[in-house]
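Within every chain, numbering begins at 1; the chains are lettered A, B, ... in the order of the sequence lines, protein sequences first and strands thereafter.
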Protein chains: 2
Amino acid sequence: MTARMTRQRTAVVEALDELADFRSAQQLHEALRARGESVGLATVYRALQALAEASEVDVLRAEDGESLYRRCARREHHHHLVCRMCGRTVEIDGPTVEAWASKVAAAQGFDDIEHTIELWGTCADCRAAAH
Amino acid sequence: MTARMTRQRTAVVEALDELADFRSAQQLHEALRARGESVGLATVYRALQALAEASEVDVLRAEDGESLYRRCARREHHHHLVCRMCGRTVEIDGPTVEAWASKVAAAQGFDDIEHTIELWGTCADCRAAAH
DNA sequence: CGATCTTTGACAATCGTTCTCAACAAGCGT
DNA sequence: ACGCTTGTTGAGAACGATTGTCAAAGATCG
Ligand SMILES: [Zn+2]
Ligand SMILES: [Zn+2]
Ligand SMILES: [Zn+2]
Ligand SMILES: [Zn+2]
């Protein structure tokens with residue numbers, strides 16, 4: 001009933017901290033394997049899922065539908081500007097947008113409102129690399 | 001080289017118009033079958049893909065990753081407030097948000113900026129139905 | 001009508017993600 | 001340190017949405 005601390009779980013968290021940007025489960029699995037800290041793929045998925053439920057990591061969907069995970073600095077609600085190519089991420093605050101979203105939704109009689117606000121682009125480095 | 005008008009393609013467009021709200025490819029396929037206008041599932045996917053490329057339909061991803069399609073009234077850029085349960089959709093304009101999004105992204109040196117802004121909720125009818 | 005050339009559809013294949021379940025190991029009380 | 005209990009792991013199967021394959025069907029045009 002209590003969450004147990006295992007080698008695998010700490011390894012996943014370490015990999016997230018080390019990589020810093022939004023990464024897919026498979027990328028993390030590969031990174032762990034490369035470092036010698038082998039962890040089963042299913043276990044990586046389970047760890048990320050648990051971390052997401054505990055709000056320890058943020059999850060977002062890439063354009064192709066793959067889930068990307070990141071350990072953000074703030075625990076509070078925020079959004080992201082993400083590089084499509086390398087995953088580089090900037091955390092974004094949008095007080096105006098938050099207010100706008102809830103007002104618009106309420107005006108239409110909708111409940112249990114959630115919003116998805118993400119910005120995608122190509123970061124300066126990736127633009128340079130593409131020459 | 002030219003797009004041909006076929007029974008299947010017009011059937012898909014008709015189903016979209018009739019259903020009005022965001023629907024998955026499989027839901028549309030089922031709706032067509034129910035009406036007797038049988039169309040292959042792969043064909044439904046191909047038709048939706050073509051329509052999306054031509055900006056004739058909007059596509060968005062449900063929380064479970066499934067793609068949902070809708071024939072919106074406006075062709076111009078806009079966003080959506082969607083009922084999680086029944087797919088009921090309200091088209092949303094957000095001039096403030098548009099300005100905010102491009103300013104924030106540019107300030108970070110990102111290029112080719114796109115944004116995802118979608119609102120999810122439970123519509124009045126679905127809330128009532130859940131009694 | 002006939003030739004051309006896109007489109008269709010049943011089915012296989014892909015791919016991210018979840019499930020299964022026997023082997024394993026944390027945490028705990030002794 | 002030693003078992004017990006019970007959550008956790010991992011290899012592989014299963015899943016589900018989507019896409020690829022390719023021979024047969026049909027839209028368009030002269
Ligand atoms: Zn980049
Ligand atoms: Zn729309
Ligand atoms: Zn509803
Ligand atoms: Zn917009």
Output the rounded distance in Å from CZ (B:Arg23) to P (D:dA17).
16 Å
Of the nucleotides D:dG10, C:dG9, D:dT18, which one has an atom closest to the side chain of A:Ala42?
D:dG10
Could you state the CG-C1' distance from A:Leu32 to D:dG10, rounded to the nearest angstrom?
14 Å
Under a 4.0 Å N-O cut-off, is there an ion pair linking B:Asp17 with B:Arg71?
yes
Applying side chain to side chain contact (heavy atoms under 4.5 Å, CB included) to B:Ala106 and not counting sequence neighbours gives none
Do B:Glu114 and A:Leu119 come within less than 4.5 Å of each other through their side chains, counting heavy atoms only?
no
Could you list, one pair per line, each protein nitrogen or oxygen that sits under 3.5 Å from a nitrogen or oxygen of nucleotides 26-30 of chain D, together with the distance?
from: D:dG26; atom 1: N2; to: B:Arg4; atom 2: NH1; distance (Å): 2.5
from: D:dA27; atom 1: N3; to: B:Arg4; atom 2: NH1; distance (Å): 3.3

Taking atom P of D:dG16 as reference, at what distance in whole Å does atom NE2 of B:His29 sit?
17 Å
Do B:Ile117 and A:Phe110 share a hydrophobic cluster, counting only Ile, Leu, Val, Met, Phe, Trp and Tyr and linking them when any side-chain heavy atoms are less than 4.5 Å apart?
yes
Between A:His115 and A:His79, how do the two ring planes meet: parallel, tilted or perpendicular, split at 30° and 60°?
tilted
Whether B:Asp93 and B:Arg74 form a salt bridge (side-chain N of Lys/Arg under 4.0 Å from carboxylate O of Asp/Glu) is what I want to check.
yes
Any heavy-atom pair between the side chains of B:Ile92 and A:Trp100 that's under 4.5 Å?
yes
Which protein N or O atoms sit under 3.5 Å from an N or O of nucleotides 13-15 of chain D?
none

Kindly indicate whether the side chain of A:Leu48, heavy atoms from C-beta on, has any atom under 4.5 Å from the side chain of A:Leu16.
yes
Which pair of heavy atoms, one from B:Ala105 and one from A:Leu81, lies closest together, and at what distance?
CA-CD2, 3.7 Å
What residue among B:Glu118, B:Glu56, B:Glu91 forms salt bridge (charged side-chain N to carboxylate O under 4.0 Å, His left out) with B:Arg70?
B:Glu91
Roughly how far, to the nearest 0.5 Å, is the CZ atom of A:Arg88 from the SG atom of A:Cys126?
7.0 Å
Sub-4.5 Å side-chain heavy-atom contact between A:His80 and A:Cys72
yes
Measuring only between side-chain heavy atoms, which start at C-beta, is B:Trp120 closer than 4.5 Å to B:Leu60?
yes
Would you work out how much the helix from C:dC1-D:dG30 to C:dT30-D:dA1 bends between its ends, with each end axis defined by five base pairs, to 10 degrees?
30°
Quick check: do A:Arg84 and B:Asp112 have side-chain heavy atoms less than 4.5 Å from each other?
yes
I want to check something: taking the side chain as every heavy atom from C-beta on, are A:Gln8 and A:Glu37 in contact at a cut-off of under 4.5 Å?
no
What is the distance, to the nearest angstrom, from the CG atom on B:Leu28 to the P atom on D:dA17?
14 Å
Please confirm whether the shortest side-chain N or O distance from A:Arg9 to OP1 or OP2 of D:dG7 is below 4.0 Å.
no
For DNA chain D, determine which residues of residues 44-67 of chain B have any heavy atom closer than 4.0 angstrom to one of its atoms, and list them numerically.
B:Tyr45, B:Arg46, B:Gln49, B:Glu66, B:Ser67
Nearest-Å distance, CD (A:Gln27) to C1' (C:dG16)?
13 Å
In terms of side-chain geometry, is the basic nitrogen of B:Glu63 or A:Arg61 positioned less than 4.0 Å from the acidic oxygen of its partner?
no
N/O to N/O distances under 3.5 Å, protein versus nucleotides 12-15 of chain C:
none

